[in-house]
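Note that ligands are numbered from 1 as they come in the structure, with each ligand's atoms numbered from 1 the same way. In this text, all values refer to a predicted model and were calculated from it rather than measured experimentally.
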Amino acid sequence: MAPDSAWGADPAELGFDPEALREKYRRERDKRLRADGNDQYVQIAGEFTPFLDDPYVEPGFSRDPLDDEVEVAIVGGGFSGLRAGARLREAGLESIRVIETGGDFGGTWYWNRYPGVQCDIESYIYLPLLEELNYIPREKYSYGPEISAHSQAIGRHYDLYRDACFQTQAQELHWDEGSSRWTVHTDRGDRIRARFVCLAIGPLSRPKLPGIPGIEGFEGHSFHTSRWDYAYTGGDTIGNLSKLRDKRVGVIGTGATAVQCIPHLGEAAEHLYVFQRTPSSIDVRGNRPTDPEWVQTLEPGWQEKRIENFSILTSGGFQEEDLVNDGWTDILRNLSGMGRRAAASLTPQEMAARIELADFQKMEQIRTRVDSIVSDPATAEALKPYYRQFCKRPCFHDDYLPTFERPNVSLIDTGGRGVERISERGVVVAGREYAVDCLIFATGFEVGTDYTRRAGFDLFGRGGLALSEKWADSVSTFHGVLSRGFPNCFFMGGIQSGVSPNFTELYNEQSRHIAHIVGRALERGARRVETSPEAEEDWVRTLQASASANLGFQQSCTPGYYNNEGRPGEGPGWFGGNYGGGVHEFFQVLRQWRSRGDLQGLELE
Ligand code: NDP
């Protein structure tokens, strides 16, 4: 290939052939495409319900049902619900009740207590409200216990424990037109009336299991990573799983969760089998303790500034300085920088090719890293990811790949097809049974399924309209926070909004937005605030226009929850229903709307 081709580079100089790689990516994707998409997973219900049991609370909790009224009911006590609670408290709302399934605040960080649990986003931008709580995380990348402790600190700081209901699952929400109030019915028999409701259920809150034949017949011990059974494994979130010394353990899945817990399982188990369908891309972690001298340099407003800097860089924008300066900004800065440099002189096709080339280069580096750590050539080859960087969430870990050097750890690669069968004794791949005492499902969470299924409750709005019906074919909102027919109800999370690897920056902006709308509505003495049909239709059109630009990339990707399991555009998916202009641009849209101050597009009564 000549240097002046669409790639603008010579394979001999690059050290790889871009056309051949493209073809390899296509073949790897095709191996994994399956007709059943999201239906390949088993909903945790019926006989699988014990997989949802909370192992972190004493069994047998009971309390009298509540029959009362609050100003705001927030469903979900993770970072989005806490953020909303904090901002609404700051806006002067006195009576706020968080309703949470877990036994405490924390959401993701309540449930995910597997060994090695850590946030892959820098702690100084991920942990919310650091300046408000006068807290500096101990390390650049915080571990789970520090993050859940911070969730609880937010709960205390904003006095959200006072009215909170833990170990309580919302079951149905009904709007009463006469009183302009919602009633939240729960599994504890509560009837909680609320002027406003805020649905903060989290994007990854409902664990899923693979629909592997025989899964129900396994006779050993098993659990999902988000309900870690330390009574069985011994140890805690920092490892020392001493009770596994005489156990053969199997783990299904090699996503971001598995990457963090596998080093601990490998260290402890008599034998560990890692059942892999698609390898993750594993880059350097490079964690370090917080530098006290750096802390001394921080000036008021530092956290917002740092969050904004990350947000702009990871949205493809330009900043003089990269404050976070880690794997995320490195990847995205390279890709967008390549795009910007090329933009001046190249056609859109040539520009796309250059960006793809930068992607190939980075992924070649990731694959070369595998060879430098894993000595067995077949294992090393199986651990190499052949897809573009953002087809799956990139992982960063320093101990994952070295785990495959241990004699007691076997990688069982399924050649992209997944586990064939689960027997009473173990896991079957390519006709061979691997007997295990314990089978751990690191198989992730429901993403592309219906909102109300993931939430565990339905909503009945004006005229009894069910949200499950309104959103049966497609989700429809205004700015991702309001939906016509459901007055005084705010949605949080990644629905029809901007997507960032740093989820909490989205919650930050959404909670501001909600507090703004609630504040203005109360100032005007409105009983009801609702989006107009036109505003909602406009927003959906805006999203559709930007989503289609991303469709080609999504189609080229190996299946996963980012592309609706290989069927992008067919369901809500992950990016499918989101704002294509990037998270920073999305924030600008919300900020400009708020700066007008007139609640344009909303109906108030
Ligand atoms: P994922 O959905 O990312 O991974 C699930 C894994 O299970 C995949 O490797 C998948 O393979 C595998 N799998 C599913 N079905 C089968 C099957 N039949 N046979 C074999 N393997 C199968 O879940 P995670 O819990 O790892 O992560 C979920 C999300 O949680 C992450 O993307 C991330 O956003 C978040 N997370 C964030 C962390 C952080 O640091 N902030 C840390 C951990 C998680 P395949 O890839 O082929 O589908």
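Between T414 and ligand 1 there is no heavy-atom distance shorter than 4.0 Å. For R32, the heavy-atom gap to ligand 1 stays at 4.0 angstrom or more. Heavy atoms of Y114 come nearer than 4.0 angstrom to ligand 1 in at least one pair. Within the structure, ligand 1 has L204 among the residues with a heavy atom less than 4.0 angstrom away. Heavy atoms of K392 approach ligand 1 to within less than 4.0 angstrom. Proximity of Y141 to ligand 1 is not established, as no heavy-atom distance is less than 4.0 Å.
Across the listed options Y562, F445, Y561, Y561 owns the non-hydrogen atom lying nearest to atom 31 (C) of ligand 1. Of the candidates T257, I147, V259, T257 brings a heavy atom nearest to atom 24 (P) of ligand 1. Across the listed options G444, G144, A442, A258, A442 owns the non-hydrogen atom lying nearest to atom 6 (C) of ligand 1.
Against a heavy-atom cut-off of under 4.0 Å, G418 is close to the following atoms of ligand 1: 19 (N), 20 (C). Heavy-atom contacts of Q118 reach the following atoms of ligand 1: 39 (C), 40 (O), 42 (C) (cutoff under 4.0 Å). Under a 4.0 Å criterion applied to the non-hydrogen atoms of G253, ligand 1 contributes the atoms 6 (C), 7 (O), 9 (O), 12 (C). Here is the list of ligand 1 atoms found below 4.0 Å of a heavy atom in Q260: 40 (O), 42 (C).
Only the side chain of P210 comes within 4.0 Å of ligand 1, judged by heavy-atom distances. Of all the heavy atoms of I212, the ones lying under 4.0 Å from any atom of ligand 1 belong exclusively to the side chain.
The cationic group of R227 does not satisfy the cation-pi geometry with F51, failing either the under 6.0 Å distance to the six-membered ring centre or the 45° limit from the ring axis. Cation-pi geometry between R388 and F390 is not met at under 6.0 angstrom from the ring centre and within 45 degrees of the axis. Relative to the six-membered ring of F445, K208 misses at least one condition, a distance below 6.0 Å or an angle of at most 45° to the axis.
Y25 has its ring centre less than 6.0 Å from the ring centre of F360. The distance between the ring centers of F223 and W228 falls below 6.0 angstrom.
A tilted orientation is assigned to the rings of Y579 and F586, their planes being inclined by 30° to 60°. Ring geometry for Y273 versus H271: interplanar angle of 30 to 60°, hence tilted. Aromatic ring orientation, H221 versus Y232: parallel (interplanar angle below 30°, classes split at 30° and 60°).
Between R29 and S556, the side chains place no donor N or O within less than 3.5 Å of an acceptor N or O (distance only, hydrogens not considered).
For ligand 1, the polar-atom distance check against R277 finds a nitrogen or oxygen pair separated by under 3.5 Å. The shortest N/O to N/O separation between P559 and ligand 1 does not fall below 3.5 Å. Polar contact with ligand 1: present for V419 (N/O pair, distance under 3.5 Å).
Judged by distance alone, with hydrogens and angles left aside, the side-chain atoms of K362 form no donor-acceptor pair with the main-chain N or O of D330 at under 3.5 Å.
By the 4.5 Å heavy-atom criterion applied to side chains, I252 and I212 are counted as neighbours.
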